Amino acid sequence: EDQVTQSPEALRLQEGESSSLNCSYTVSGLRGLFWYRQDPGKGPEFLFTLYSAGEEKEKERLKATLTKKESFLHITAPKPEDSATYLCAVQGETDKLIFGTGTRLQVFP
Amino acid sequence: EAQVTQNPRYLITVTGKKLTVTCSQNMNHEYMSWYRQDPGLGLRQIYYSMNVEVTDKGDVPEGYKVSRKEKRNFPLILESPSPNQTSLYFCASSSYFTGIREQYFGPGTRLTVT
């Protein structure tokens with residue numbers, strides 16, 4: 001059964017304190033792994049798609065990496081405006097999109 | 001501006017009173033989907049549509065109906081809402097023919113059923 005587990009559930013960082021969020025997955029025939037950012041009361045906002053192990057993508061202070069079993073979202077020198085819930089999702093050969101429950105990130109000045 | 005819109009954004013209703021949540025996208029996407037989001041459970045798919053007149057059940061379809069008569073619109077219908085349908089609902093769309101579900105989400109509809 002396709003499954004996505006995100007850790008930690010919540011993360012508190014001081015501004016400038018770099019860290020990583022983890023997304024572990026089990027899927028038959030990975031077609032894509034997606035990262036989204038969700039602000040409170042709003043819809044998820046698409047960040048990245050990763051297609052195969054070894055791939056990396058960057059956007060401002062965020063960098064997403066992918067292995068055969070997990071993906072990491074690295075946050076370098078975070079700012080308070082990076083505070084949000086980060087969601088990971090996978091699409092396998094069934095085409096179905098499976099979401100994790102997210103990591104709630106809080107960055108304090 | 002490319003976007004997915006939903007209406008209403010907030011809705012409080014009573015058990016059994018039929019309601020419809022509208023969803024519209026302006027990106028000419030073939031694939032549209034409805035999700036509900038509940039604390040600790042993440043996003044769960046209710047129904048999806050791969051194109052006009054083509055709809056199928058997701059993981060939690062009970063108590064919901066959808067229709068896809070036009071490419072841009074995908075309304076969610078609750079014929080007889082119950083309190084366990086109190087949730088945050090999201091509509092999403094993506095291009096079907098790329099085969100990759102880079103979905104774009106609407107702003108959400110917070111539904112309370114009393």
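In this text the structure is predicted, and so the values were computed from the model without any measurement.
Contact check on B/K69 versus B/E53 returns no salt bridge, with no Lys/Arg side-chain nitrogen under 4.0 Å from an Asp/Glu carboxylate oxygen. For B/E30 and B/K71, the salt-bridge test passes: some basic side-chain N is under 4.0 Å from an acidic carboxylate O. Residues A/K96 and A/D2 are not paired through a salt bridge, judged by the lack of any N-O separation under 4.0 Å between the basic side chain and the carboxylate.
Heavy-atom distances place no part of A/E45 under 4.5 Å from chain B, backbone and side chain included. Neither the backbone nor the side chain of A/F48 comes within contact range of chain B; no heavy atoms are under 4.5 Å apart. With a threshold of 4.5 angstrom between heavy atoms, B/R44 does not approach chain A through any atom at all. If you measure heavy-atom distances from B/Q37 to chain A, the contacts under 4.5 Å come from the side chain alone. If you measure heavy-atom distances from B/Y48 to chain A, you find no contacts under 4.5 Å at all. In this structure, chain B has a heavy atom under 4.5 Å from the side chain of A/L87, while its backbone stays farther away.
Comparing B/L41, B/V4, B/L43, B/L88 by how many heavy-atom pairs each has under 4.5 Å with chain A, the most go to B/L43.
Taking 4.5 Å as the limit, every side-chain heavy atom of B/Q45 sits out of range of all side-chain heavy atoms of A/L97.
Of the listed residues (B/Y47, B/W34, B/Y89), just one forms a side-chain hydrogen bond (donor to acceptor under 3.5 Å, both in side chains) with B/Y64, and that residue is B/Y89.
Within the 6.0 Å centre-distance limit, the rings of A/Y36 and B/F105 are counted as a close aromatic pair.
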